[in-house]
Chemist: 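My questions all concern the structure below.
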Amino acid sequence: MNTLNGHPLAAHRLYEFPPEWASPLREKVFPSLDPEQPRSIPLWATNEAIAMLLPQVLTHDARGRAGTPWLAWAINDGTPEPDPQLLVELVRGGLIAAALDRNAKMARWHRPPAVDLTALQEVLVTFKPEHLRHTVRTTKIEAGQELEPVDYTLIAQMFATHLVASGWQVEHSEYSREDGALLLDKHDEPIHIGHGRSHWRRTAARDVGAELISNVHVAKKGKREYPWSYTLRLSVQNIPLDGSVVLHAAVGMRRWTASNAYDASRAIGVHLFTPSPWADEACPIGVASIKWQPGPKGKKQGAMRWNDDLAPVLERLTSTEFLPDPVQLARDPLTYMNLEDGGWPLAAVPFRYGLGKNCRHAVGDGVSVRDRKRIFDALRPALADFATPSEPFVRHHVARPPRRTSAEIQSIRSEDLAAAAGERVELTLWWDTDVMRREAIAAVTKALGVTWPLDQDDTATTSVVFELSGLQIAIRQIPVGDIAAPLQLDGSVSAYRDRIAQAASIRREFVRDAMTAARDRSLPDAARFALIEMANADAFGRDQDPKQQVKLAAGQVDVLTQNLTPPQKEVEEGKRGGETASSRKQRTAKAVGDLLTRQTGLLHRPRVLGTPTTPLNDVTPLGLWVVRRNGDARAVLPMAVAWLPDVPYATMRLPGPDNTWLPYHKAMLRLSTWNTERRFKDKDVHGFFAEVLEEAADGSDIALFTHTQNIRSNCPGMANGHLLADTLAFDPEHPFDIDRLKGVRHLRLRTNLRHETTQQYAFNSKDELRELAGIAAGLWQHPRHDRLFFSLADKPGTATTTGSPGGSRLEPHWGRTGKKDENDNPILGWKFDTFKDVWNPQMLEVLFALKQEGDDSVAWAAFAHQQRYTAAHFADPLLLPGVLHLAQKAGEYLLPSYERESLVEKDF
């Protein structure tokens with residue numbers, strides 16, 4: 001990013017939420033139960049309404065915090081100054097509307113009102129325009145100068161507003177070619193072929209920078225229309241150890257639901273495009289949600305209602321004619337999309353999987369490299385006053401393991417399993433259908449290289465014992481029965497949460513009893529595993545999925561479990577509507593690998609680590625991880641995972657009085673009994689990690705891996721603002737003595753969460769127009785930083801049917817359109833990839849933060865890149881090095897999937 005000094009858009013008036021408003025609201029309306037933790041004022045819906053109705057005003061803080069900018073107005077961009085009296089009325093109306101809506105919800109649930117309306121009204125009448133005070137501030141971007149927290153939001157929103165106000169568009173066109181050569185016009189200029197334009201509006205969402213959405217494009221397949229839009233996320237970031245301010249532009253897509261949308265348990269997102277009579281394309285799009293609200297038991301009185309406060313606030317502040325009816329919107333979203341007029345919709349429902357069995361979308365997932373580059377190329381001149389595109393990264397050619405065959409992946413060496421789990425293993429197949437019982441037996445025996453006895457009774461529950469090299473394993477098959485049945489909620493229990501808790505407790509007790517009774521008494525000290533046939537979550541009613549309870553209860557009696565879903569309708573290869581025999585066999589083999597390979601911590605060591613000039617074959621990878629609930633910064637559990645060079649499996653260390661290193665599978669069992677309501681204070685997390693490092697730093701070579709977005713909230717010393725070269729600190733005020741870290745190298749990693757790493761594309765340097773873009777796996781280095789690298793993994797084997805990187809949703813590309821002609825030549829022609837899924841590599845940022853004297857940065861970055869290829873249970877590369885992958889997966893035994901934090905942002 002360039003300096004903004006002197007630019008008209010750099011000067012803002014910043015308004016803080018007046019303390020004359022905040023104090024009485026907290027004291028009389030929204031009191032806190034914890035005097036040390038003042039309660040936030042619920043300003044989210046009011047803020048978003050202000051942003052939608054007054055597009056010249058940028059909103060920031062939605063909690064009414066002291067000393068934090070609430071609103072911002074660009075002084076010199078030509079927009080009218082916000083009217084203080086109007087702001088007062090918007091805040092009053094917004095808070096009243098939100099309170100009324102919340103109280104109405106509580107009434108439907110037969111609960112007391114959430115907000116005292118009398119107290120709220122008494123406070124609101126004291127609000128006066130003169131309470132609104134502002135400061136004038138000019139945003140500066142200078143080398144070595146750290147931005148203020150508010151700048152990360154304001155700068156991105158400022159750029160998004162500038163793009164919309166300037167009428168920025170993207171022309172989707174291509175250069176005409178013949179046999180690969182450019183066709184030129186009479187002026188020797190390349191000939192363009194146009195395929196439409198995208199124009200843009202911004203949304204009121206400001207969680208990470210600013211978001212813009214293109215006009216709606218429509219893809220037709222058969223008689224149906226499938227609407228979709230491009231998205232563009234602008235976020236301001238810093239380069240670590242440098243402080244340089246950069247702007248990341250992430251291109252994605254948003255598919256819009258074209259048929260009835262229904263979800264019994266989750267909220268359904270809604271984009272509100274025209275919230276007021278005076279709305280135009282400068283007004284940002286509101287982001288709200290609707291949700292199914294069931295009626296009284298036994299009565300068909302349920303309805304789709306607005307789920308949050310934004311729609312009620314807009315309804316009070318504007319006109320009801322500009323708000324859709326939530327029932328009609330869910331029933332037929334297309335009625336609000338104005339597809340025939342070609343204008344902006346009134347409202348739209350973002351498509352996602354799980355919106356009902358009949359809710360589908362033909363347009364594929366993801367955005368191709370070509371579409372990314374097309375939008376980025378159009379963005380360059382539009383933001384030329386503010387930013388300059390980065391120079392291309394430098395590629396390092398490093399060795400990586402060859403892709404292993406499916407037979408190699410499925411095979412489990414008995415010696416490795418014995419080393420990881422012990423010399424005696426008991427495996428129980430809890431089956432429901434004969435099809436999956438047979439598939440499970442076939443997969444297990446193939447993995448172990450044994451033959452199931454032909455005289456074994458199909459229904460026998462006795463164990464079949466196999467003697468292998470270094471391993472004795474007993475396999476038995478037992479009907480799953482009620483273990484996999486839906487949880488039974490007792491309607492006589494009045495409180496719904498108590499019903500869930502009771503049903504979960506009953507199932508856990510049942511599972512513990514069943515697993516205990518199934519123990520093979522001939523192998524009393526065996527490591528125990530169970531493969532359980534159980535339906536997916538969507539087969540169960542609300543809060544009736546038993547999988548998490550089964551996993552926890554089994555772990556409490558020392559049994560590790562893996563689920564295997566029942567068979568689907570069998571179809572022929574290439575047909576839809578079910579699964580093929582081969583796909584069923586593959587998913588069964590994967591489940592067996594998950595259970596006996598991944599859950600025992602087995603990893604696959606690459607033959608070559610480091611670089612040819614600096615091999616790193618005797619290094620211990622060590623990963624530090626924090627398990628947290630999604631959206632909660634407090635730590636549920638810190639942990640460490642290590643992989644010693646002389647063993648095939650990982651070990652784990654957990655906090656507590658007996659905090660020794662455990663084989664991975666034993667650590668998983670310990671997690672089954674962990675109190676997940678406990679929270680670790682940051683100082684406890686720091687202390688545990690310090691103990692781990694002090695023990696590890698014995699002079700041997702250690703590659704310490706941390707994932708920034710995972711660890712940063714509990715260990716602020718890992719954040720860019722506190723990070724120093726060749727220094728390690730979890731608490732920035734208490735860095736480690738470097739002499740106590742002999743042999744330790746710190747490789748700090750980042751994924752694209754919150755868009756902290758950028759998107760990327762590769763181009764052929766021989767193409768002077770750089771028009772032909774693609775993807776390129778490998779290790780790349782920032783051109784101006786000798787410690788900053790980027791790991792791009794190879795295309796997975798499962799992505800064989802995805803679209804071409806050179807394809808597009810709107811533009812045709814030259815490629816294979818058929819198999820072969822009569823002369824056995826490929827059939828080529830122009831084709832669209834509108835309906836193809838797109839695969840893009842996840843870029844992993846590798847910062848060599850702590851070096852030892854004489855270290856080769858490229859070799860250690862290569863080591864981090866190669867550790868992504870260490871999965872023993874599948875052939876494709878991991879997102880993170882193996883030890884961090886195992887740490888992240890350990891969270892399965894602590895929290896259900898919907899509560900665990902994600903590792904990546906999706907671009908669709």
Side-chain angles (χ1 to χ4, degrees), residues 147 149 152-153 156 203 205-211 231-240 245-254 269 287 352 365-367 372 623-636 638-639 685 705-723 747-760 780 782 788-793 839-847 849 864-865 867-868 877-881 883-892 895 897-908:
L147 293 177
Y152 291 94
T153 299
T203 70
R206 47 158 194 78
D207 52 339
V208 182
E211 183 187 60
T231 65
L232 176 64
R233 175 74 71 166
L234 301 178
S235 62
V236 177
Q237 307 288 347
N238 291 111
I239 295 179
V245 182
V246 293
L247 181 70
H248 286 174
V251 178
M253 68 176 297
R254 190 149 299 150
V287 181
R352 63 170 168 82
D365 293 342
V367 179
R372 284 181 175 182
L624 302 181
W625 193 261
V626 177
V627 177
R628 282 194 309 273
R629 278 186 168 84
N630 193 19
D632 188 347
R634 297 174 298 173
V636 173
M639 61 178 64
V685 175
F705 292 117
T706 59
H707 180 236
T708 308
Q709 293 103 322
N710 167 259
I711 205 173
R712 178 175 55 204
S713 63
N714 303 110
C715 301
M718 297 292 171
N720 279 354
H722 297 294
L723 198 68
L747 295 144
R748 197 200 71 161
L749 312 175
R750 287 201 294 180
T751 56
N752 72 341
L753 274 178
R754 300 183 63 82
H755 302 284
E756 292 184 34
T757 62
T758 183
Q759 291 181 340
Q760 73 292 321
W780 300 78
H782 196 287
L788 190 57
F789 298 83
F790 304 92
S791 168
L792 285 166
W839 178 84
N840 286 303
Q842 285 290 342
M843 186 167 75
L844 181 67
E845 180 188 275
V846 181
L847 176 68
H865 174 69
Q867 289 296 307
R868 297 180 65 183
L878 302 165
L879 175 62
L880 299 173
V883 289
L884 286 184
H885 172 76
L886 291 176
Q888 189 265 341
K889 295 297 285 185
E892 292 178 354
L895 301 173
S897 59
Y898 63 86
E899 287 191 9
R900 297 196 302 273
E901 292 184 310
S902 175
L903 290 176
V904 296
E905 300 279 356
K906 292 184 178 180
D907 60 5
F908 59 90

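Residue numbers count from 1 along this sequence.
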Chemist: Starting from the C-alpha separation in whole Å, work towards a yes-or-no answer on side-chain contact (heavy atoms from CB on, under 4.5 Å) for L847 and L723.
Modeler: CA-CA 11 Å; L847 176 68; L723 198 68; 3.3 Å; yes
Chemist: If every non-hydrogen atom of N720 is compared with every non-hydrogen atom of R750, which pair is closest and at what distance?
Modeler: ND2-NH1, 3.5 Å
Chemist: Provide the closest heavy-atom pair for V883 versus G623 in the form atom of the first, atom of the second, distance.
Modeler: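 Here V883 and G623 meet closest at CG2-N, 3.8 Å.
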Chemist: Looking at T751, is its backbone amide N or carbonyl O close enough to the side chain of Q709 to form a donor-acceptor pair, meaning the two atoms are under 3.5 Å apart?
Modeler: yes
Chemist: So, for G252 and V367, which heavy atoms are closest and what is the spacing to 0.1 Å?
Modeler: C-CG2, 3.3 Å
Chemist: Is it true that R628 and N710 share a donor-acceptor pair across their side chains at a distance under 3.5 Å?
Modeler: no
Chemist: Which atom pair, heavy atoms only, marks the closest approach of A156 to G209?
Modeler: CB-CA, 3.7 Å
Chemist: If you take all heavy atoms of L624 and L884, which pair is closest and at what distance?
Modeler: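 In this case the closest contact between L624 and L884 is O-CD2, 3.7 Å.
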Chemist: Using a strict cut-off of less than 4.0 Å between a Lys/Arg side-chain nitrogen and an Asp/Glu carboxylate oxygen, indicate whether R233 and E905 qualify as a salt bridge.
Modeler: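 E905 and R233: not salt-bridged.
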Chemist: With rounding to the nearest 0.5 angstrom, report the CD to CD1 distance, E845 to I239.
Modeler: 9.0 Å
Chemist: Between CG of N752 and OG1 of T757, what distance do you get to the nearest 0.5 Å?
Modeler: 5.0 Å
Chemist: Quick one: are V904 and L753 in side-chain contact, heavy atoms under 4.5 Å?
Modeler: no
Chemist: Decide side chain to side chain donor-acceptor pair (under 3.5 Å) for T708 and R748; before the verdict, give the C-alpha distance in whole Å, the side-chain angles of both, and the deciding distance to 0.1 Å.
Modeler: CA-CA 7 Å; T708 308; R748 197 200 71 161; 3.2 Å; yes
Chemist: Can you tell me how far the CZ atom of R372 sits from the CG atom of L232, to the nearest 0.5 Å?
Modeler: 12.0 Å
Chemist: Please test Y152 against N238 for side-chain contact (heavy atoms from CB on, under 4.5 Å), starting from the C-alpha separation and ending with a verdict.
Modeler: CA-CA 10 Å; Y152 291 94; N238 291 111; 2.4 Å; yes
Chemist: For the residue pair P638 and N714, establish whether any side-chain heavy-atom pair is separated by less than 4.5 Å.
Modeler: no
Chemist: Whether the H865 and S791 side chains hold a donor-acceptor pair (N or O, under 3.5 Å, no angle test) is what I'd like checked.
Modeler: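 H865 vs S791: donor-acceptor pair found between side chains.
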Chemist: Check this for me: R754, atom CZ, are more than 12 non-hydrogen atoms of other residues, nucleotides or ligands nearer than 6.0 Å?
Modeler: no
Chemist: For the residue pair H782 and F790, does the interplanar ring angle fall in the parallel (under 30°), tilted (30 to 60°) or perpendicular (over 60°) class?
Modeler: tilted
Chemist: Just so I know, are the side chains of Q842 and L880 near enough to count as touching, which here means a heavy-atom distance under 4.5 Å?
Modeler: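 The answer is no, as the side chains (C-beta and beyond) never meet within the 4.5 Å cut-off.
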Chemist: Rounded to the nearest 0.5 Å, what's the gap from CH2 on W780 to CG on L792? Could you check?
Modeler: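 So the CH2 of W780 and the CG of L792 are separated by 7.5 Å.
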Chemist: Flag the pair P881 / L844 as yes when at least one side-chain heavy-atom distance between them is below 4.5 Å, and no otherwise.
Modeler: yes
Chemist: Write down the atom of A793, the atom of P877, and the distance for their closest heavy-atom approach.
Modeler: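 In terms of heavy atoms, the two residues are closest at CB-CG, 3.4 Å.
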Chemist: Would you please test M253 and T231 for side-chain contact (heavy atoms from CB on, under 4.5 Å) and show each step?
Modeler: CA-CA 5 Å; M253 68 176 297; T231 65; 5.6 Å; no
Chemist: Quick check for you: to the nearest 0.5 Å, what is the distance between L878 atom CG and Q867 atom CD?
Modeler: 10.0 Å
Chemist: Take S235 and L247 through the test side-chain contact (heavy atoms from CB on, under 4.5 Å) and record every step on the way to the result.
Modeler: CA-CA 6 Å; S235 62; L247 181 70; over 6 Å; no
Chemist: I'd like to check V627 versus M639 (side-chain heavy atoms, cut-off strictly below 4.5 Å). Are they in contact?
Modeler: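 Yes, their side chains come closer than 4.5 Å.
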Chemist: About how many Å separate NE2 of H248 and CD of Q237, when rounded to the nearest 0.5 Å?
Modeler: 5.5 Å
